[in-house]
Protein chains: 2
Amino acid sequence: MVIETPSLELDDEEIDRIFQALADATRRDIVLRTLREEVSISTLAEAYDMSFPAVHKHVAVLERAGLVTKHPSGRERIVRAAPETIRRAQHLLARYEQVWRDRIARLDALLAEDA
Amino acid sequence: MVIETPSLELDDEEIDRIFQALADATRRDIVLRTLREEVSISTLAEAYDMSFPAVHKHVAVLERAGLVTKHPSGRERIVRAAPETIRRAQHLLARYEQVWRDRIARLDALLAEDA
DNA sequence: GGTTTCTATAACCATTTGGTTATATGTTAG
DNA sequence: CTAACATATAACCAAATGGTTATAGAAACC
């Protein structure tokens, strides 16, 4: 039996799915909306100028990316944002910024050395 | 004449392009690589198991997203990361997290009120 | 029980994406 | 000048994306 190691590290495909999911204005709006309050898919669908199945698909993309979760409640599916995944994406970008700052620090050190 | 207002706000299409560009492991690696040091496209191309034109296209996607800039140097095109765009994306996600925290704060306030 | 509502999914379509090979142009090196 | 190298771009292709309509199942309402 394989023990699923609950790695905090994001693998490449996971990151692909997260950024891909965020690369669409409707989906970003769904994330914002569900961060503020839990809503059903059909309630979400009312907000956008597209069919229910289109919104349903957007929610599925967000779910596969781990950005939202769905919870049955009677005939409805309540959509909840998953802030932890957003936080991980944010931290990934923060690490990119750190790489840049490390480079600047190296350049500064080199300049100080030469002076 | 239209004065181009240098808005710090990211419009939807700009954000689409940024996240879309980040949704590919090769492109994220190019960003990381160019954050550390400026490199030519052909130097980049050596690092990946794909043709030069494929890498050239990835760089073009990153450039359209404002994540890198290209600078001619003789026959080469030096690719530089644009950390400011990365920072903006990071801040956007930080705002999403803030929306979540605001909600928690509201719920906490409600609980305190009821107590 | 029948109707309505919410969800799920299939089938389809146009466009975009991410790769390829081939070719042309510009720049440097000898 | 010529050869080699770096870039750019066109044409092509398969797969993925983002939408549609149609259909079916499940839960709730009266």
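Residue numbers begin at 1 in each chain, while the letters A, B, ... track the order of the sequences. What you are looking at is a predicted structure, and each value in this text was computed from that prediction instead of being measured.
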J.: To the side chain of B:S51, which of C:dA8, C:dT21, D:dT7 is closest?
T.: C:dT21

J.: Report yes or no: is there a donor-acceptor pair, N or O only, under 3.5 Å between the side chain of A:R75 and the base of C:dT5?
T.: yes

J.: Between A:H58 and B:I78, which residue's closest nucleotide on DNA chain D lies nearer the 5′ terminus?
T.: B:I78

J.: Figure out the CD/C1' separation between A:E76 and D:dG25, and round it to whole Å.
T.: 16 Å

J.: Determine yes or no for a side-chain-to-main-chain donor-acceptor pair under 3.5 angstrom, with B:R17 supplying the side chain and B:G66 the backbone.
T.: no

J.: Using whole Å, what does the distance between atom P of nucleotide D:dT17 and atom CG of A:L22 come to?
T.: 14 Å

J.: Please tell me if the side chains of B:H58 and B:V68 come closer than 4.5 Å, counting only heavy atoms from C-beta onward.
T.: no

J.: Just checking B:S40: base, sugar-phosphate only, or nothing, at a heavy-atom cut-off of under 4.0 Å?
T.: sugar-phosphate

J.: Which of these nucleotides, D:dA6, D:dA22, D:dA8, is closest to any side-chain atom of B:H56?
T.: D:dA8

J.: DNA chain D: B:K70 or A:V61, which has the more 5' nearest nucleotide?
T.: B:K70

J.: Taking only residues two or more places apart in sequence or in another chain, which ones pass side chain to side chain contact (heavy atoms under 4.5 Å, CB included) with B:R77?
T.: B:I41, B:K70, B:P72

J.: Looking only at atom types and distance, does a side-chain atom of A:R27 sit under 3.5 Å from a main-chain N or O of A:Q20, one as donor and one as acceptor?
T.: yes

J.: Among D:dG18, C:dT7, C:dT20, which nucleotide has an atom closest to any side-chain atom of A:S42?
T.: C:dT7

J.: Rounded to the nearest angstrom, tell me the gap between atom CG in B:D16 and atom C1' in C:dT15.
T.: 15 Å

J.: Between B:R103 and A:E38, is there a side-chain N and carboxylate O pair less than 4.0 Å apart?
T.: yes

J.: To the nearest Å, how far apart are B:I41 CD1 and D:dT9 C1'?
T.: 12 Å

J.: Please give, in whole Å, the distance from D:dT17 P to A:F19 CZ?
T.: 16 Å

J.: Send over the distance from A:M50 CE to D:dT17 C1', rounded to a whole Å.
T.: 13 Å

J.: Checking B:H71 against B:S73: is there a side-chain donor and acceptor pair closer than 3.5 Å?
T.: no

J.: Take the C1' atoms of the five end pairs on each side of the helix from C:dG1-D:dC30 to C:dG30-D:dC1, derive the two axes, and give their angle rounded to 10 degrees.
T.: 20°

J.: Would a 4.5 Å heavy-atom cut-off, applied to side chains only, mark B:R28 and A:F19 as touching?
T.: yes

J.: Output the rounded distance in Å from CD (B:Q20) to P (D:dA16).
T.: 14 Å

J.: Using whole Å, what does the distance between atom P of nucleotide C:dG19 and atom CG of B:D49 come to?
T.: 10 Å

J.: Select one nucleotide: of C:dT7, C:dG18, C:dT21, the one nearest the side-chain heavy atoms of B:P53.
T.: C:dT21

J.: Can you find a side chain N or O atom of A:K57 that sits less than 4.0 Å from OP1 or OP2 on C:dA8?
T.: no

J.: Taking the minimum atom-to-atom distance to the side chain of B:R77, which one of C:dG19, D:dT7, D:dT20 wins?
T.: D:dT7

J.: I want to check something: taking the side chain as every heavy atom from C-beta on, are A:L32 and A:R36 in contact at a cut-off of under 4.5 Å?
T.: yes

